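Step one of this worksheet: look at the structure below.
What you are looking at is a predicted structure, and each value in this text was computed from that prediction instead of being measured.
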Amino acid sequence: MAQKLLIRDLTLRDGQQSAFATRMTQQQIDRVLPFYKEANFYAMEVWGGAVPDSVMRYLNENPWDRLEKIKAAVGDVSKLTALSRGRNLFGYAPYPDTIIDGFCKNSIASGLGIMRIFDALNDVDNVKSTIKYVKAYGGIADCAVCYTIDPHFTTMERVKAKLKGKPLPKEVFTDEYFLHKAQEMEALGADMITIKDMSGLIQPTRIAGLVSLFKQHLRVPLDFHTHCTPGYGLGAVLSAIVHGVDVVDAVIWNFAGGPAAPAIELIYLFCQKLGVELDVNMEAVAKINRELFDIRKELDLVDAVKQFPNPFNPLVDTLPAAIEHAFDSAIAAARKGDEEKLLQACHAIEAHFNFPKPNDLVKEAEIPGGMYTNMVAQLKQLNAMDILEGAMKLIPTVRLAAGLPPLVTPTSQIVGAQAVNCALDTKNGKPMYTNVSNQFTALVKGEYGKTPVPVDPEFRLKIAKVREETPYDTSKYRMQENPVLAECGGVRLAANEKEVLLLELFPTVARTFLTKQKEAAYQAGQADRKAAEETKQAVEEEKAEPITGKVIESPMPGSIFQILVQPGDVVKCGQEVLILEAMKMENSITSDYSGTVKRIFAAVGSNVAAGAKLIEIEV
């Protein structure tokens, strides 16, 4: 039987988050959804990550609406996927089961099919609740093992540590480590396992070994997720396919490469040559890609790459002989495990199509690109770019002191920020860890969960003022306040369970967003009530005095901008009597009759419907 590969499309979530700061509006997404219904992807990642925060913060849109609108447009053709940080959900603090339950229930009711669940420490205890509730409400629990690597210490550093009686740990993040985590999650009910390489640091030979090992020991399907930043992405995906992975994550051409995942179009070409079945409608993908080209131009101000790939459609365009050879060479190298030739071929392919070059700085530092850019931004704010090199060198030391956490959100940001603090301490002649963030304290204390290696009790005492590991006590969790908004007619800030969940997960952002929503709804309601009162008054006046003259009616809905006549005025046929504002335009309303103004039914500022009575003329 021919190998079949499933594709999880990341374009509308991880793709746009990686390159365009999650700024796609609902209107832009709506433009591509009809084509997605034809594309037949196994899954579409559309939610989670930064989406709920960003659409409220920057776009004034409701995250639940986005999920529900995509589901309404795509239906059951593709399973909709979201990314969740286990017990932390989309935030940074652990939540009690009541919040996780409500979040999973409402997500699945709104159209979610697969929840990808990961924990920043690979602490399996932190994903238990989400697995349970996702499955209880009919969703698929996709559990991710976060790939990371051990820090590099010099021989001298190891000798010094040993002499101090605190030897540095041997290799921690072995293939067996990752397999054990996957097996633990499978035992908890995971429906599939993802090898999640959020930094793009996994090399082709490493993923080949992991895929083979996981396929041998796991019963559930295996997905592979990576990024292209350091230059391993395309080669690693090809290597995973060659070794039998079930699903790979990809992005459509104009959003692919660089900080994002590899392009589905390149994966399609590899599959054609490998004889791997890829049940995706590439004609529909080409239609999506044409629309993405225009959308990317619209997102220029937030485009982190500023480099479009050369136009290409694998269904109609012919490859140059040299690039055709590069595809064949890459496949041969992947089969042989020749990583050097595989990467050379893949880089030649990406260069031909003008995808971004590998980021050597991220590659050499072996940290996520986002972690590096966050450190740079922090140092620029502090006007201390001169200590960047020192801060980078401190990352392995700080990371080890904190229990060697994988470098993924939020631990990557916590470790990176603390390395900057320590570098500043040293620069200012102070001991390291003089300045410590609350998040670093919580990590060392144990509030985020169990770290891969134990934190030294003496270090924990110094940082967190406790010697023993102290988990976060969810019994002390307090729900966010949900006040009554007197200025909005006495409604609650969060009117239903979905809005309450937004308030819990994003307290500051959701409070601002929901307040704006309630204010807009109240003002619209006030306008409607005013129009209804005016209509009622006009009807009552009409009843009180029958109409005996000719009536000028509104030709369209709008609001009264200006009334140019008064009762008793004599008007001529064709004379301008009123100005109506409609569709942001001022429209002159003229009299069809000559006579005397008897009554005026409307008032300046009032809203009127088409056909509404405006003025009575006695002829």
Side-chain angles (χ1 to χ4, degrees), residues 2-10 14 41-43 45 81 116 118 142-149 173-175 178-179 181-182 190 192-251 256-257 260-280 327-347 349-350 358:
Q3 180 184 348
K4 182 173 182 178
L5 181 69
L6 300 176
I7 298 292
R8 185 191 311 241
D9 175 74
L10 307 178
D14 193 75
F41 286 114
Y42 163 68
E45 188 180 73
T81 303
R116 174 171 283 171
F118 77 96
D142 168 21
C143 294
V145 179
C146 294
Y147 178 79
T148 190
I149 57 177
F173 301 110
T174 62
D175 290 358
F178 295 118
L179 175 62
K181 295 295 180 182
M192 60 190 304
I193 295 291
T194 292
I195 298 173
K196 177 178 166 60
D197 175 28
M198 53 281 164
S199 308
L201 292 175
I202 197 165
Q203 294 170 262
T205 50
R206 186 75 190 275
I207 189 61
L210 282 173
V211 168
S212 297
L213 185 67
F214 279 36
K215 292 295 292 180
Q216 181 182 350
H217 292 281
L218 300 177
R219 299 180 302 277
V220 296
L222 179 63
D223 192 329
F224 176 48
H225 171 98
T226 191
H227 291 252
C228 296
T229 318
Y232 298 129
L234 184 60
V237 166
L238 173 58
S239 190
I241 295 170
V242 166
H243 288 83
V245 76
D246 300 292
V247 190
V248 295
D249 293 4
V251 175
I264 172 64
E265 292 84 352
L266 298 181
I267 294 170
Y268 168 79
L269 290 175
F270 278 126
C271 288
Q272 289 289 100
K273 288 177 173 292
L274 287 165
V276 172
E277 182 183 348
L278 193 68
D279 193 16
V280 174
F327 274 92
D328 294 334
S329 176
I331 290 172
R335 284 172 167 160
K336 292 178 182 177
D338 188 336
E339 184 168 282
E340 183 177 353
K341 286 187 177 179
L342 170 57
L343 291 176
Q344 284 176 353
C346 288
H347 292 165
I349 292 167
E350 291 171 318

At what distance, to the nearest 0.5 angstrom, does [atom1] of [X] lie from [atom2] of [Y]?
X    : Y    : atom1 : atom2 : value
H227 : D249 : NE2   : CG    : 8.5 Å
I7   : I267 : CD1   : CD1   : 5.0 Å
H243 : L213 : NE2   : CG    : 12.0 Å
T174 : L179 : OG1   : CG    : 9.0 Å

Step by step, would you call D14 with R116 a salt bridge (charged side-chain N to carboxylate O under 4.0 Å, His left out)? CA-CA 12 Å; D14 193 75; R116 174 171 283 171; over 6 Å; no
Which residues satisfy the side-chain contact (heavy atoms from CB on, under 4.5 Å) test with [X], sequence neighbours excluded?
X    : answer
A240 : I207, V211, F224, V245
A182 : V145, I193, F214, L218
A256 : V251, A263, F355
V247 : L6, R8, Y42, M192, D223

Heavy-atom distance under 4.5 Å between the side chains of L210 and I202, does that happen here?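 Yes - at least one pair of side-chain heavy atoms lies under 4.5 Å apart.
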Could you check whether any side-chain heavy atom of L238 comes within less than 4.5 Å of a side-chain heavy atom of L234, counting everything from C-beta outward?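 In short, these two side chains do not touch, never coming nearer than 4.5 Å.
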[X] and [Y]: which non-hydrogen atoms are nearest, and at how many Å?
X    : Y    : answer
F178 : C146 : CE2-O, 3.5 Å
P230 : P358 : O-CB, 3.4 Å
D246 : P221 : OD2-CA, 3.4 Å

Could you pull out every donor-acceptor pair under 3.5 Å between side chains of residues 329-337 and any protein atom, sequence neighbours left out?
none

Without swapping roles, check the side chain of [X] against the backbone of [Y] for a donor-acceptor pair under 3.5 Å.
X    : Y    : answer
D9   : F41  : no
Q3   : I241 : yes
H347 : G231 : yes

What side-chain hydrogen bond (donor to acceptor under 3.5 Å, both in side chains) pairs are there with at least one residue in residues 202-214, not counting sequence neighbours? Y147-R206, D175-R206, Q203-E339, T205-E339
How are the rings of F327 and F270 set to each other: parallel, tilted or perpendicular (split at 30° and 60°)? tilted
Determine whether more than 12 heavy atoms belonging to other residues, nucleotides or ligands lie under 6.0 Å from atom NZ of K215. yes
